[in-house]
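Residue indices begin at 1 and follow the sequence shown.
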Amino acid sequence: MAKLQFLLLVLATHLWVSTAAGRPRQIHPLRRLEAAGDHSDHGISCDSWRMAVETNNIRRWKTVPAACEFYLGNYMLGGLYRKDSAFAIDQAVEYAESLKIAGDGKDVWVFDIDETSLSNLPYYSIHGFGSEPYNDTLYSQWVEMEMAFALPETLRLYNRLLSLGIRVVFLTGRKEHQRHHTAMNLIKAGYTSWEKLLLRRPSDGSTTALVFKSGQRKKLEEEGYRIVGNIGDEWSDILGGSAGSRTFKLPDPLYYIS
């Protein structure tokens with residue numbers, strides 16, 4: 001993928017993040033689906049499919065149904081995705097503000113990165129909004145460009161947690177050799193400090209994301225940390241052992257990671 005094309009998409013994405021007259025701008029030439037109700041195509045109810053995905057009733061799926069690419073693009077860019085994210089973050093902030101923090105630096109909140117802390121919408125907007133099979137080479141090239149932006153709602157939670165004295169741990173399925181690019185992208189996006197940045201090392205093998213992340217959280221607890229909160233976009237981010245005192249899930253109908 002040409003770097004210039006990505007640059008143009010990222011510039012447009014930042015316009016989408018800002019708002020004009022209270023309406024998010026788009027980064028992809030899709031007609032906005034204004035009408036409420038059930039959007040169906042080729043016998044597939046895309047509303048119902050997205051609901052099943054978010055409730056974990058459909059599992060181990062590989063790609064978004066081709067008939068739902070248009071629908072998913074409009075969901076991600078038309079405003080509802082941001083509203084759904086904001087609602088989830090509101091609950092997380094309310095919960096965080098209710099906590100009594102020990103003040104010893106051991107209260108931490110675990111954050112996933114992709115589609116939780118950082119949004120890769122510029123990449124997915126030119127790859128069918130999840131309807132194309134995952135391409136590790138192309139996605140790795142995107143990661144190395146360090147151009148993913150912060151999901152604004154998650155950045156709001158991050159800043160509030162720091163102000164409350166809760167430290168942040170980033171736990172991602174990205175690979176250890178991507179550490180530098182990941183750290184730089186986080187900083188560019190506004191996540192300027194953290195307690196730990198945990199990535200998948202070669203010694204972690206090919207375990208599932210759920211097993212890998214559960215193991216990493218267990219190690220945090222063994223080091224004396226208290227996981228007061230945990231947020232991710234995938235069910236594998238928030239299920240399993242040592243998940244934390246409370247978990248929060250952000251919407252992500254673009255891909256599934258077990």
Side-chain angles (χ1 to χ4, degrees), residues 1 5-6 8-10 12-13 15-17 19 23-89 112-139 141-143 148-149 151-154 173 208-210 231-239 248-258:
M1 196 60 57
Q5 188 178 16
F6 270 130
L8 292 174
L9 279 166
V10 171
T13 298
L15 292 177
W16 169 76
V17 171
T19 57
R23 297 172 67 101
R25 299 171 180 169
Q26 292 178 293
I27 66 170
H28 192 274
L30 286 172
R31 176 176 57 83
R32 190 187 310 275
L33 293 175
E34 297 286 1
D38 186 42
H39 304 293
S40 302
D41 195 6
H42 301 288
I44 296 175
S45 169
C46 297
D47 278 333
S48 297
W49 182 87
R50 181 171 64 87
M51 175 63 73
V53 164
E54 295 298 358
T55 53
N56 207 25
N57 289 330
I58 298 178
R59 304 181 185 183
R60 293 179 291 278
W61 52 276
K62 299 298 183 183
T63 59
V64 168
C68 296
E69 174 186 352
F70 183 84
Y71 168 82
L72 263 294
N74 277 279
Y75 169 74
M76 298 300 295
L77 303 175
L80 184 55
Y81 168 65
R82 291 284 303 278
K83 290 180 180 178
D84 288 347
S85 298
F87 194 87
I89 293 299
D112 173 54
I113 291 183
D114 293 301
E115 274 51 70
T116 297
S117 304
L118 297 178
S119 173
N120 299 295
L121 263 176
Y123 176 86
Y124 285 104
S125 69
I126 57 175
H127 287 285
F129 293 100
S131 64
E132 295 181 11
Y134 174 73
N135 186 307
D136 186 65
T137 299
L138 291 179
Y139 190 75
Q141 291 172 356
W142 163 250
V143 169
F149 59 89
L151 184 62
E153 290 72 29
T154 306
T208 65
L210 191 152
I231 188 166
D233 64 291
E234 296 290 317
W235 284 97
S236 55
D237 296 328
I238 59 176
L239 295 178
F248 297 87
K249 186 184 181 301
L250 289 169
D252 181 10
L254 300 179
Y255 55 81
Y256 179 90
I257 299 177
S258 61

Colleague: Once salt bridge (charged side-chain N to carboxylate O under 4.0 Å, His left out) is applied, do any residues pair with Asp114, and if so which ones, sequence neighbours excluded?
Modeller: Arg174
Colleague: Are side-chain heavy atoms of Tyr71 and Asp47 found at a separation under 4.5 Å?
Modeller: yes
Colleague: Could you list the residues that satisfy ring pair (Phe, Tyr, Trp, His ring centres under 6.0 Å) with Tyr134, not counting sequence neighbours?
Modeller: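 Tyr134: ring pair (Phe, Tyr, Trp, His ring centres under 6.0 Å) contacts with Tyr139.
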Colleague: Could you check whether any side-chain heavy atom of Trp49 comes within less than 4.5 Å of a side-chain heavy atom of Leu72, counting everything from C-beta outward?
Modeller: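 Yes. Closest side-chain heavy atoms under 4.5 Å.
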Colleague: Which residues pass the side chain to side chain contact (heavy atoms under 4.5 Å, CB included) test with Ala88, not counting sequence neighbours?
Modeller: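 Result, side chain to side chain contact (heavy atoms under 4.5 Å, CB included) vs Ala88: Leu250.
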Colleague: Just so I know, are the side chains of Tyr81 and Leu151 near enough to count as touching, which here means a heavy-atom distance under 4.5 Å?
Modeller: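 Result yes, sub-4.5 Å side-chain heavy-atom pair found.
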Colleague: Sequence neighbours left out, what passes salt bridge (charged side-chain N to carboxylate O under 4.0 Å, His left out) with Asp112? Give chain and number order.
Modeller: Lys213
Colleague: Please identify each residue that fulfils ring pair (Phe, Tyr, Trp, His ring centres under 6.0 Å) with Trp235, with sequence neighbours left out.
Modeller: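 Ring pair (Phe, Tyr, Trp, His ring centres under 6.0 Å) check on Trp235 returns nothing, list empty.
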Colleague: On a heavy-atom basis, which atom in Ser131 and which in Ala66 lie closest, and how many Å separate them?
Modeller: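 The answer is CB-CA, 4.5 Å.
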Colleague: Under the side chain to side chain donor-acceptor pair (under 3.5 Å) rule, collect the residues that match up with Asn56, sequence neighbours excluded.
Modeller: none
Colleague: Please round to the nearest 0.5 Å and tell me the distance separating atom CG of Leu121 and atom CD1 of Ile126.
Modeller: 11.5 Å
Colleague: Asn135 vs Trp142, test: side chain to side chain contact (heavy atoms under 4.5 Å, CB included). Steps then yes/no.
Modeller: CA-CA 11 Å; Asn135 186 307; Trp142 163 250; over 6 Å; no
Colleague: Can you give me the closest heavy-atom contact between Asn120 and Ala148, atom names plus distance?
Modeller: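 For Asn120 versus Ala148, the nearest heavy atoms are OD1-CB, 3.5 Å.
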Colleague: With side chain to side chain contact (heavy atoms under 4.5 Å, CB included) as the test, would you mind laying out the steps for Val53 and Tyr256 before giving the verdict?
Modeller: CA-CA 9 Å; Val53 164; Tyr256 179 90; 5.9 Å; no
Colleague: Do we see a donor-acceptor contact under 3.5 Å between the side chains of Glu115 and Tyr124?
Modeller: no
Colleague: Search all heavy atoms of Cys68 against all heavy atoms of Ile44 and return the closest pair with its distance.
Modeller: SG-CG2, 3.7 Å
